[in-house]
Amino acid sequence: MNTKIVAVVGCVTALLAGVAYVVQQRDSKTAAIAATGSRLFANANAADVSKITLQQGEKKIEIAREGGAWVVASRDNYAALDERVRELVRRVVDAEIVEEKTSNAELYARLGVEDATKEGAKGTLVSLAKADGTSVASVIVGNRQEAANWDSEKAATFVRPADGAKSYLVRSTFNLAMEPVDWMKREVLAFGSDRFWKVAVAHPDGDRVLIERSAPTAPPVLMNKPEGREIASEDKPRQTLEALASVSLDDVRAASGVDFANAVTAVYTTYQGITFNVRVAQMDGKTWVNFAVAYDKNNAAPLGEGAAAPTEETVAAIAKEASELHTRLSPWAYQLPDWKVSNIRPLMAEMLKPEGAAAEQQTGESVPPGLMPPQ
């Protein structure tokens, strides 16, 4: 074999080796891409999840599935926001790996995936389990990584399976509010404000406030206004009479756990004869409100001239509405915003202008600065 042939053979051999290397690198890269495109919890099934626990330091929220619906177990099984809970389960179960990250525990805090049960932890431990407690998936959710142009669909999150050392960047984001109220159905009542006819508020010390209006479009009147006194504002009676038209909770607990023995009471009556018996009590530094609902057609407002009496079908529909409201509301004690509670249980003094205010206005006398009563 001469020198030229040897050279040609050597060049061909080198070329084939180069091609083999390129093919090997391509196949290796393809394999890596396939691995990073897989689900973080490949064997997890959303349908198996019946219990959820969120934990961040000392904060802990427990959510469970009861009879097909989600409830906040750490709040006496009060109704949860089903869609929000289901969305969390889906995002954990379907989280797709973008790339592997560190297994060095000293670097976890940079990604927010350190032990989430420790005080001051940035991440949140999300544990999904079956009804019998068997784990479906458990992951520490850390810092979010925003995508270019803040595209939420392409945003990613650093996570670490709770039982593993390796952390990952996954193609998913998680809404993990750590206040129980953020997982509850907050709306308690949504009524037309013109449905309320009258209200009677009674305080344990004998203070009473009676408000009524003659028609849905008429202004509410303070029926037991002391002689010679003026109401503080035309809005005051209306704010109280319509207080139950829109009610949203700040917190909730079972009514059986609240002592209503010395409660302020308020009886709200609609024109149709539905009554809301409201109890307001203080406990553990919070104000709790309970509603009991009933219907009696004899409690309805007098019919106007020429108005037809309600049909049997109408009476049945109203009775059904009242029954459903009672079933939903009566087991619970609701913590409501302070301003809402003030409107539900006003004192007579809060409904009136201070004594002497009218006389001072008529005589033109003024009160020295700093001594003006609150309005």
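Since this is a predicted model, take the numbers as computed values, not measurements.
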ILVMFWY network linking L40 to L176, side-chain heavy atoms under 4.5 angstrom: yes

Should M348 and V341 be regarded as members of a common hydrophobic cluster, given that ILVMFWY residues are connected when their side-chain heavy atoms come within less than 4.5 Å of each other, either directly or indirectly? yes

Is it true that R84 and E87 have a side-chain N and a carboxylate O under 4.0 angstrom from each other? no

Shortest non-hydrogen separation from A243 to I344 and the atoms involved: CB-CG1, 3.8 Å

Do any N or O atoms from the side chain of E114 and from the backbone of G123 form a donor-acceptor pair under 3.5 angstrom? no

Could you go through T314 and T311, starting from their C-alpha distance and side-chain angles, then the distance that decides it, and tell me whether this counts as side-chain hydrogen bond (donor to acceptor under 3.5 Å, both in side chains)? CA-CA 5 Å; T314 299; T311 64; 3.0 Å; yes

side-chain contact (heavy atoms from CB on, under 4.5 Å) assessment of L88 paired with L54: CA-CA 11 Å; L88 173 60; L54 308 177; 3.9 Å; yes

Is the shortest heavy-atom distance from the side chain of M351 to the side chain of P237 under 4.5 Å? yes

Decide salt bridge (charged side-chain N to carboxylate O under 4.0 Å, His left out) for E324 and K320; before the verdict, give the C-alpha distance in whole Å, the side-chain angles of both, and the deciding distance to 0.1 Å. CA-CA 6 Å; E324 291 175 348; K320 182 174 183 290; 2.5 Å; yes

Mark yes or no for whether T240, through its side chain, and N343, through its backbone, hold a donor-acceptor pair below 3.5 Å. yes

Is V209 linked to W197 within one hydrophobic cluster, defined over Ile, Leu, Val, Met, Phe, Trp and Tyr using a side-chain heavy-atom separation of less than 4.5 Å? no

Rounded to the nearest 0.5 Å, the CG atom of D115 sits from the OG1 atom of T117 at a distance of 3.5 Å

If only atom types and distance count, is the side chain of Y108 paired as donor or acceptor with the main-chain N or O of A165 below 3.5 Å? yes

Residue pair L189 / F276, side-chain heavy-atom distance below 4.5 Å: yes

L128 vs V93 side-chain heavy atoms within contact, under 4.5 Å: yes

Run the side-chain contact (heavy atoms from CB on, under 4.5 Å) test on L125 and T53 for me, step by step, so that the C-alpha distance in whole Å, both residues' side-chain angles and the decisive distance to 0.1 Å come before the verdict. CA-CA 8 Å; L125 174 62; T53 302; over 6 Å; no

With a 4.0 Å cut-off on N to O distance, would you call E99 and R171 a salt bridge? no

Could you tell me whether R328 atom CZ has more than 12 heavy atoms of other residues or ligands within 6.0 Å of it? yes

For R229, what residues pass the side chain to side chain donor-acceptor pair (under 3.5 Å) criterion, not counting sequence neighbours? none

Would you say that D284 contacts R253 through its side chain, given a criterion of any heavy-atom pair below 4.5 Å between the two side chains? yes

Are any side-chain N or O atoms of R213 and backbone N or O atoms of K198, one a donor and one an acceptor, separated by less than 3.5 Å? no

Test item: T269 and V199 side chains (from C-beta on) under 4.5 Å apart, heavy atoms: no

Taking only Lys NZ, Arg NE, NH1 and NH2, and the carboxylate oxygens of Asp or Glu, determine whether R195 and E321 approach each other closer than 4.0 Å. yes

Closest approach of M184 to V72 (non-hydrogen atoms, all atoms of both residues): CG-CG2, 3.9 Å

Would V92 and L81 show up in the same hydrophobic cluster when neighbours are defined by side-chain heavy atoms closer than 4.5 Å? no

Decide yes or no for Q55 and K59: does some side-chain heavy atom of the first lie under 4.5 Å from some side-chain heavy atom of the second? no

Is it true that atom CG of N262 has more than 12 heavy atoms of other residues, nucleotides or ligands lying nearer than 6.0 Å? no

Treat each ILVMFWY residue as a node, draw an edge where side-chain heavy atoms are under 4.5 Å apart, and state whether V278 and M283 are in one component. no

Check whether K225 reaches the backbone of E230 with its side chain - one donor and one acceptor, N or O, closer than 3.5 Å. no

Out of curiosity, L111 CG to N143 CG, how far, rounded to the nearest 0.5 Å? 6.5 Å

Would you check if the distance from the ring center of Y271 to the ring center of F196 is below 6.0 Å? no

Under the 3.5 angstrom rule, does the side chain of E242 hit a backbone N or O of Q239 as a donor-acceptor pair? no

If you measure from CZ on R144 to CZ on F158, what distance do you get to the nearest 0.5 Å? 12.5 Å

Minimal heavy-atom distance between A129 and G133, with the atoms involved, is CB-O, 3.9 Å

Can you check whether V280 reaches T287 side chain to side chain, under 4.5 Å on heavy atoms? yes

If we check side-chain contact (heavy atoms from CB on, under 4.5 Å) with V247, which of these qualifies: V188, L329, V289? V188

Scan for ring pair (Phe, Tyr, Trp, His ring centres under 6.0 Å) pairs involving residues 70-89, sequence neighbours excluded, and state none if there are none. Y78-W332

Polar side-chain atom of T102 near backbone of L107 as donor-acceptor pair, under 3.5 Å: no

When the ring centroid of Y268 is compared with that of F291, is the distance short of 6.0 Å? no

For a 4.5 angstrom cut-off between non-hydrogen side-chain atoms, does V264 reach P204? yes

Using modelled atom types and a 3.5 Å cut-off, is there a donor and acceptor pairing between side-chain atoms of N277 and backbone atoms of V267? no

Determine whether a donor-acceptor pair (N or O, by modelled atom type, separation under 3.5 Å) exists between the side chain of N45 and the backbone of A47. yes

D82 and A69 have their tightest heavy-atom pair at OD2-CA, 4.0 Å

Start with the C-alpha gap between E100 and K166, add the side-chain angles, then the distance that decides, and say whether side-chain contact (heavy atoms from CB on, under 4.5 Å) holds. CA-CA 7 Å; E100 294 182 0; K166 187 170 291 185; 3.2 Å; yes

Which of these, D251, D250, D182, sits in a salt bridge (charged side-chain N to carboxylate O under 4.0 Å, His left out) with R75? D251

What pair of heavy atoms forms the shortest contact from V136 to V49, and how long is it? CG1-CG2, 4.0 Å

Do the side chain of T134 and the main chain of K130 share a donor and acceptor less than 3.5 angstrom apart? no

Does K353 form a side-chain contact (heavy atoms from CB on, under 4.5 Å) with I231? I'd like the steps, not just the answer. CA-CA 6 Å; K353 288 182 178 179; I231 62 171; over 6 Å; no

In this structure, CD1 of I61 is separated from CH2 of W183 (nearest 0.5 Å) by 7.5 Å

Please table the atom pairs, donor to acceptor, closer than 3.5 Å between any side-chain atom in residues 293-302 and protein atoms at least two apart or in another chain.
from, atom 1, to, atom 2, distance (Å)
D296, OD1, N298, N, 2.8
D296, OD1, N298, ND2, 3.3

Heavy-atom neighbours of E106 CD exceed 12 at 6.0 Å: no

Checking side-chain hydrogen bond (donor to acceptor under 3.5 Å, both in side chains) for the pair S248/E187: CA distance, chi angles, key distance, verdict? CA-CA 4 Å; S248 295; E187 184 179 85; 5.9 Å; no

To the nearest 0.5 Å, what is the distance between CG on L249 and CZ on R186? 6.0 Å

Near D338 CG, under 6.0 Å, is it more than 12 heavy atoms from other residues, nucleotides or ligands? no

Tell me whether the NZ or CZ atom of R160 lies within the 45° cone about the ring axis of Y168 and under 6.0 Å from its centre. no

Distance under 6.0 Å and angle within 45° of ring axis: R91 vs F174: no

